[in-house]
Amino acid sequence: MKNFARLVLAALVLPALGIAPDLDASSASGAAVFARMKTVNANLKSYEAAVHVDIAMHSFPFISPKLDGQAYFKKPDRNAVVFDTVPALANAFRKVYPQIPPPEQWDRLFVVTVASDDGTVTALKLVPRKHGRISFIDVKADDKTATVTSLVWNYEEGGSIALDQEYSLVNGAYVVTAQTGKVELPSYKADVASKFSGYKLNVPIDDKVFEAQ
């Protein structure tokens, strides 16, 4: 999200992951990757970035809007996207598209298990501790950078939202520069592509930005 003693570090995080001590090597190395994911961007307290979103809707009203705005993040887990114009579609997009809590918050929000680690990509399964619309989330992380490269939210009522992410290194922090998503919900189907640019790191952000999200 650095190569060191993976198995030793994995042993330290086993209680948090709920994994038995007699793990196979794949699960143990995956646990070590998850531990590293929690420390990525440890010095990043906030950011602001320009965002451009292209939406191709495959359900009514079958339109392809383009949205521009600003994306904000503030530790520990506050996210917001404020579009330059706020049409009804922008509001609907914000409501349907899921938030991405940072990995350091996952143990509190989910039961996390390692599905696999092939030495390049670690797959995790996140099951919400609090019952709601989301059944579970499939996550893939890059073993080298410990960054989240893809997520799939699976919903209780059926359907899913899939998201792939690309990163750049800006002033020592890994930041998302592009996202490609597919929304396949019973009442909302769309392809979404987002670009992020002009990052400003560790800047003051008014809490009012997050209140309307």
Taken in chain and number order and not counting sequence neighbours, the residues that satisfy side chain to side chain donor-acceptor pair (under 3.5 Å) with Asp191 are His58, Lys182
Those residues at least two apart in sequence (or on a different chain) that pass side chain to side chain donor-acceptor pair (under 3.5 Å) with Glu166 are none
message = Side chains of Val139 and Ser150, heavy atoms from C-beta outward: is any pair under 4.5 Å?
response = no
Those residues at least two apart in sequence (or on a different chain) that pass side chain to side chain contact (heavy atoms under 4.5 Å, CB included) with Ser135 are Glu156
Separation between CG (Asp117) and OG (Ser29), nearest 0.5 Å, reads 3.5 Å
key: Hphob cluster co-occupancy, Val152 + Val127, side-chain heavy atoms under 4.5 angstrom   = no
By side chain to side chain contact (heavy atoms under 4.5 Å, CB included), Lys66 pairs with (sequence neighbours left out) His52, Asp54
Exercise. Can you find a pair of side-chain heavy atoms, one from Ile134 and one from Tyr155, that are under 4.5 Å apart?
Worked result: yes
Presence of salt bridge, Asp143 and Arg36, under 4.0 angstrom:
no
Heavy-atom nearest pair, Gly69 first then Asp84, reads CA-OD1, 3.6 Å
* Asked: Is there a path from Val183 to Ile63 through hydrophobic residues (I, L, V, M, F, W, Y) whose side chains come within less than 4.5 Å of each other?
  -> yes
Discussion item. Closer than 3.5 angstrom, by distance alone: can the side chain of Lys74 be matched with the main-chain N or O of Asp207 as a donor-acceptor pair?
Written reply: no
For Ala31 and Val114, the nearest pair of non-hydrogen atoms, with its separation, is N-CG2, 3.7 Å
* Using 4.0 Å as the upper bound for N to carboxylate O, is an ion pair formed by Asp164 and Lys140? -> no
What one should report as the nearest heavy-atom pair of Gln70 and Ala50 is OE1-CA, 3.5 Å
All heavy atoms of Ser168 vs all of Thr177, minimum pair found to be OG-CG2, 3.3 Å
Practice problem: Could you tell me whether the side chain of Arg133 and the main chain of Asn154 form a donor-acceptor pair under 3.5 Å? | Solution: no
Evaluate the criterion side chain to side chain donor-acceptor pair (under 3.5 Å) for residue pair Thr149 and Asp142; output intermediate values, then yes/no. CA-CA 6 Å; Thr149 56; Asp142 184 292; over 6 Å; no
- Query: Can you hop from Leu169 to Leu201 via hydrophobic side chains spaced under 4.5 Å?
  - Reply: yes
ring-ring contact (aromatic ring centres under 6.0 Å, His included) filter on Tyr199, not counting sequence neighbours, yields Tyr47
query = Phe60, Leu185: one ILVMFWY side-chain cluster at the under-4.5 Å cut-off?
reply = no
Residues passing the side chain to side chain contact (heavy atoms under 4.5 Å, CB included) test with Gln179, sequence neighbours excluded, are Ile100, Leu163, Gln165, Val176, Ser194, Phe196
Assigning hydrophobic clusters by single linkage (Ile, Leu, Val, Met, Phe, Trp, Tyr; side-chain heavy-atom cutoff under 4.5 Å), is Val121 placed with Tyr174? no
Nearest heavy-atom approach of Arg108 to Asp77 is NH2-OD2, 3.5 Å
Closest non-hydrogen contact found for Ile205 with Phe73 is CD1-O, 3.4 Å
Exercise. Please test Asp68 against Phe83 for side chain to side chain contact (heavy atoms under 4.5 Å, CB included), starting from the C-alpha separation and ending with a verdict.
Key: CA-CA 6 Å; Asp68 291 286; Phe83 291 109; over 6 Å; no
